[in-house]
There are 2 protein chains.
Amino acid sequence: MTGSIKKHASQCLVAHGLDIFGDRWTLLVLRDMILYGKRRYGEFLEAEEAIATNVLADRLKRLAAEGLVTVSKDPDNRRSNIYTLTDKGLSLMPVIFEIMKWSAQYCDLNERRRKLIARLTAEPDTVMAEIRAREAANENPAETAARLHLLPR
Amino acid sequence: MTGSIKKHASQCLVAHGLDIFGDRWTLLVLRDMILYGKRRYGEFLEAEEAIATNVLADRLKRLAAEGLVTVSKDPDNRRSNIYTLTDKGLSLMPVIFEIMKWSAQYCDLNERRRKLIARLTAEPDTVMAEIRAREAANENPAETAARLHLLPR
DNA sequence: GGATAATGCTTGCGAAAGACAAGTGAATAA
DNA sequence: TTATTCACTTGTCTTTCGCAAGCATTATCC
């Protein structure tokens with residue numbers, strides 16, 4: 001493993017969360033899975049933030065070790081792993097939504113994003129249900145993002 | 001400055017938030033301010049997670065640069081700076097609450113904490129209003145934490 | 001009023017983690 | 001059966017972190 005990231009060994013609930021996803025990359029991988037339905041190594045590499053390959057491999061291992069994702073082989077292509085969100089991973093949706101809502105207060109938003117934020121604010125439970133339904137259905141990323149209006153542009 | 005932490009230079013709202021508080025320490029400092037009402041360098045050093053002095057100095061500078069806190073001199077002790085949350089800093093309360101609620105799902109909680117989480121879930125707006133009121137009143141940390149039942153034990 | 005202590009940092013250094021480029025091995029495609 | 005794709009791993013360099021020590025300013029003690 002590339003790194004082992006020292007844990008805070010703290011009783012605090014905030015610190016416990018940060019032990020698991022409090023670094024520069026883990027939440028971005030989870031964002032790709034939750035918002036965009038990405039499930040493959042190569043898909044995560046396409047993100048505009050350009051995570052390094054070794055760091056991505058490390059974070060995926062860690063996410064699996066923490067039980068936020070499960071790993072399986074793609075039955076149609078045995079080179080390819082498929083990373084699937086567990087309930088524990090999906091339950092981070094509210095954290096990600098609140099980060100988005102916070103940022104939205106201090107950024108210029110285009111129409112699309114304004115609508116998305118409005119929806120996350122007005123009916124978060126509906127959005128979460130949609131995302132859970134998509135996970136259950138194994139829909140492909142492009143369709144998903146478009147259908148759920150989660151794309152940034 | 002100790003570090004300058006490379007930014008993601010991303011359009012994404014999640015990435016934008018992480019550019020500001022997506023490291024191992026920033027949110028813990030904000031937790032100390034928001035939950036416990038801490039306002040001085042020395043108080044932050046007392047946290048059980050034991051932040052390094054240079055990292056703390058760096059994060060406080062950064063928080064000020066991002067407009068999440070303001071810095072002033074303590075009128076009663078001119079050695080001491082006072083770090084005060086701005087509205088932008090206080091508006092991170094929902095993010096911190098959601099992290100706590102997420103962790104709470106996967107940790108054993110004592111009675112005190114269970115009550116706190118129940119309250120954060122049932123009436124977050126009331127808790128946020130109390131915290132804002134405390135900020136406005138400049139109450140001291142020990143009193144605050146006790147009165148608002150925010151202490152971990 | 002001079003020594004001592006408290007406070008809030010800064011500095012220096014070794015260690016850990018990250019960024020980048022290149023390489024590897026298994027599976028698939030041509 | 002050769003080439004290519006995919007998912008990593010490895011190696012090297014740079015950045016950040018952790019720790020101990022030092023320093024400047026203000027306050028306190030005698």
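Here is how names work: the chains are called A, B, and so on, in the same order as the sequence lines, proteins then strands, and each is numbered from 1.
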Asks: What pairs of residues pass the salt bridge (charged side-chain N to carboxylate O under 4.0 Å, His left out) test when at least one of them lies in residues 63-78 of chain B, not counting sequence neighbours?
Replies: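 Every salt bridge (charged side-chain N to carboxylate O under 4.0 Å, His left out) pair that includes a residue of residues 63-78 of chain B, provided the two are not neighbours, is B/Lys7-B/Glu66, B/Arg40-B/Asp74.
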
Asks: With respect to the phosphate group of C/dT7, does any side-chain polar atom (N or O) of B/Ser80 fall under 4.0 Å of OP1 or OP2?
Replies: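 No, outside the criterion.
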
Asks: Describe the nucleic acid contact of A/Tyr83 in one word from base, sugar-phosphate, nothing, applying a heavy-atom distance below 4.0 Å.
Replies: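 Sugar-phosphate contact only - A/Tyr83 comes under 4.0 Å of backbone atoms but never of a base.
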
Asks: Once salt bridge (Lys or Arg N to Asp or Glu O under 4.0 Å) is applied, do any residues pair with A/Glu46, and if so which ones, sequence neighbours excluded?
Replies: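 Salt bridge (Lys or Arg N to Asp or Glu O under 4.0 Å) check on A/Glu46 returns nothing, list empty.
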
Asks: May I ask you to evaluate whether B/Lys61 reaches the phosphate of C/dG8, defined as a side-chain N or O under 4.0 Å from OP1 or OP2?
Replies: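 So the side-chain polar atoms of B/Lys61 never come under 4.0 Å of the phosphate oxygens OP1 or OP2 of C/dG8.
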
Asks: At a cut-off of 3.5 Å, list every protein nitrogen or oxygen paired with a nitrogen or oxygen from nucleotides 21-23 of chain C, distance to 0.1 Å.
Replies:
none

Asks: Can you pull the ring pair (Phe, Tyr, Trp, His ring centres under 6.0 Å) pairs that have at least one residue in residues 54-85 of chain A, sequence neighbours excluded?
Replies: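 Non-adjacent pairs meeting ring pair (Phe, Tyr, Trp, His ring centres under 6.0 Å): zero.
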
Asks: Looking at residues at least two apart in the chain, or sitting in another chain, which of them share a salt bridge (Lys or Arg N to Asp or Glu O under 4.0 Å) with B/Arg79?
Replies: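 B/Arg79 satisfies salt bridge (Lys or Arg N to Asp or Glu O under 4.0 Å) with no other residue.
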
Asks: Applying salt bridge (Lys or Arg N to Asp or Glu O under 4.0 Å), can you list everything that pairs with A/Arg114, at least two apart in sequence or on another chain?
Replies: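 Applying salt bridge (Lys or Arg N to Asp or Glu O under 4.0 Å) to A/Arg114 gives A/Glu111.
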
Asks: Output every pair passing salt bridge (charged side-chain N to carboxylate O under 4.0 Å, His left out) with a member in residues 87-108 of chain A, not counting sequence neighbours, ordered by first then second residue.
Replies: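 Sorted result for residues 87-108 of chain A: A/Asp87-A/Arg132, A/Glu98-A/Lys101.
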
Asks: Considering only nitrogen or oxygen atoms on both sides, find all protein atoms under 3.5 Å from nucleotides 23-30 of chain D and state each distance.
Replies:
from   : atom 1 : to      : atom 2 : distance (Å)
D/dT26 : O2     : B/Arg79 : NH1    : 3.3
D/dA27 : OP1    : B/Arg78 : N      : 2.8

Asks: So what is the end-to-end bend of the helix from C/dG1-D/dC30 to C/dA30-D/dT1, with 5 pairs used at each end and the value given to 10 degrees?
Replies: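 Inter-axis angle at the ends, rounded: 10°.
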
Asks: Using the ring pair (Phe, Tyr, Trp, His ring centres under 6.0 Å) criterion, which residues pair with B/Trp102? Sequence neighbours excluded.
Replies: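 Testing B/Trp102 for ring pair (Phe, Tyr, Trp, His ring centres under 6.0 Å), a comparison that skips the adjacent residues, returns A/Phe21, B/Tyr106.
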
Asks: Who passes side chain to side chain contact (heavy atoms under 4.5 Å, CB included) against A/Ala57, sequence neighbours left out?
Replies: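 By the side chain to side chain contact (heavy atoms under 4.5 Å, CB included) rule, A/Ala57 matches A/Tyr41.
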
Asks: Might you list the N or O atoms of the protein lying below 3.5 Å from N or O atoms in nucleotides 1-3 of chain D, with each pair's distance?
Replies:
none

